[in-house]
Amino acid sequence: MKHDRSKALFARAERVIVAGVNSPVRAFRAVGGEPPFIARGHGARVVDVDGNEYIDYVGSWGPAILGHAHPEVVRAVQAAAGEGLSFGAPTEREVVFAELVNQLVPSMELMRCVSSGTEATMSAIRVARGFTGRELIVKFEGCYHGHADHLLVKAGSGAATFGEPDSAGVTSAVARTTLTLAYNDVAALRELVHARGSEIAAVIVEPVVGNMGCVPPEPGFLEAIVELCKTHGAVSIFDEVMTGFRLGIAGAQGRFGLTPDLTTLGKIAGGGLPLAVYGGRRDIMSRVAPLGPVYQAGTLSGNPVAVAAGLATLSLLEPALYEKLEALGARLELGLASAAAKAGVPSCVQRVGAMITLFFAPGPIRTFDDAARQDKERFARFHRGLVERGVYWPASMYEAAFLGAAHTEADIDRTIDAAAQALAG
Ligand code: HOZ
């Protein structure tokens with residue numbers, strides 16, 4: 001595979017963009033080598049500027065559930081763009097979009113559109129604090145909720161990838177208001193909430209973690225969060241930026257039959273454009289300005305082109321899609337597990353629906369500490385082996401891979417072959 005044009009672009013990029021990329025894991029520093037620069041994507045494939053084609057399991061880190069450049073989404077975006085890019089005023093499509101989100105995720109009685117997952121989680125925390133009049137928030141180690149200061153504490157994703165789970169630049173006063181616990185540790189959660197429940201504004205969680213690899217909740221964990229928050233007057237927040245519309249049409253909360261107080265959505269909700277949503281209980285969301293004193297605003301919030309992409313995407317989601325993703329996911333899970341076993345690599349595969357991770361450590365992986373025990377070098381070799389064989393896989397052992405509607409059984413089988421070779425190498 002030739003990468004001349006990517007290499008030249010990366011050299012130019014490094015001179016003017018931090019590490020040559022606009023989001024850390026894209027730099028490939030955790031896996032060695034340099035990132036291919038993507039020229040275009042169609043369906044389940046991306047093509048780099050040197051003409052190399054890859055089966056894509058990054059899927060823009062989640063949004064691309066329908067595959068890249070889905071014609072109906074592209075048409076909707078083009079039509080909306082032709083009518084004007086941004087007005088900073090309400091538009092009809094925002095209403096239709098919010099009504100659809102409410103219909104698909106009924107816990108979101110009242111909501112606000114923002115432009116990124118970070119904004120959604122940051123705003124959800126603020127409204128939880130404004131509603132309860134309390135300061136503390138509880139998060140779980142290895143969960144990543146965007147890069148707002150109070151959420152960059154024991155964070156997963158790129159923060160964990162580069163050994164900075166507690167980012168520099170976050171004041172100790174802010175960090176002290178975030179209490180952290182191990183994911184899946186119901187006993188510790190119970191103990192903390194019993195001791196300090198009257199100070200806790202919110203408990204925020206990725207209902208299935210994607211930002212330390214794919215880590216499912218154990219039975220009773222999410223239930224305990226919702227229940228304990230209810231009992232102690234705190235706000236439960238399901239951060240479904242990654243899981244929303246991915247693990248089912250009603251996200252993780254639909255899959256597990258739970259009703260959090262607040263939910264954050266992004267990625268698929270925006271169909272590939274910058275759009276995210278936070279919302280939930282009417283009494284809580286009624287604290288947001290101008291109904292209440294919690295301020296949040298944005299020039300590009302509910303941007304008409306982004307809403308058009310989100311609306312077109314959500315309108316195309318149907319039960320058959322999730323059945324297909326489940327079947328493809330099971331095929332990939334089985335194939336990766338048996339390839340790793342044949343190669344004698346200590347590992348385990350964890351999957352929930354269309355989110356999957358091959359961990360380079362024996363399972364089960366239940367917590368961030370488990371995920372951190374992986375063989376980093378082996379993962380890096382595996383990643384390079386996949387990319388060389390035309391499989392575009394997340395460049396961090398802390399990021400889940402994603403399947404989409406455009407993947408085929410033949411893609412999965414090719415990926416398993418590539419993985420078997422990469423694991424043997
Ligand atoms: N933190 C994002 C995934 N969990 C990565 C975003 C990106 O690099 O685009």
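Start at 1 and go down the list; that is how both ligands and their atoms are numbered.
Here is the list of ligand 1 atoms found below 4.0 Å of a heavy atom in Arg26: 7 (C), 8 (O), 9 (O). Of all atoms in ligand 1, listed by their number and element, those nearer than 4.0 Å to a heavy atom of Trp61 are 3 (C), 5 (C), 6 (C), 7 (C), 8 (O), 9 (O). Close approach of ligand 1 to Asn211 (heavy-atom distance below 4.0 Å) involves ligand atoms 4 (N).
When non-hydrogen atoms are compared, ligand 1 lies under 4.0 Å from neither the backbone nor the side chain of Val21.
Across every non-hydrogen atom of Glu399 and Thr357, the tightest pair is O-OG1, 4.3 Å. Between Val153 and Asp149, the closest heavy-atom pair is CG2-O, 4.4 Å. Tyr54 and Val387 make their closest contact through CE2-O, 3.6 Å (heavy atoms, listed as atom of the first residue, atom of the second, distance).
For atom 3 (C) of ligand 1, the nearest protein heavy atom (residue, atom name, distance) is Glu399 OE1, 3.4 Å. Residue, atom and distance of the protein heavy atom nearest to atom 1 (N) of ligand 1 are Ser157 OG, 3.0 Å. Of all protein heavy atoms, the one closest to atom 6 (C) of ligand 1 is Ser23 OG, 3.6 Å.
At least one donor-acceptor pair under 3.5 Å links the side chain of Thr118 to the backbone N or O of His147.
Side chains of Tyr398 and Ser157: no donor on one and acceptor on the other come within 3.5 Å. Between the side chains of Asp239 and Thr121, not a single donor N or O lies within less than 3.5 Å of an accepting N or O.
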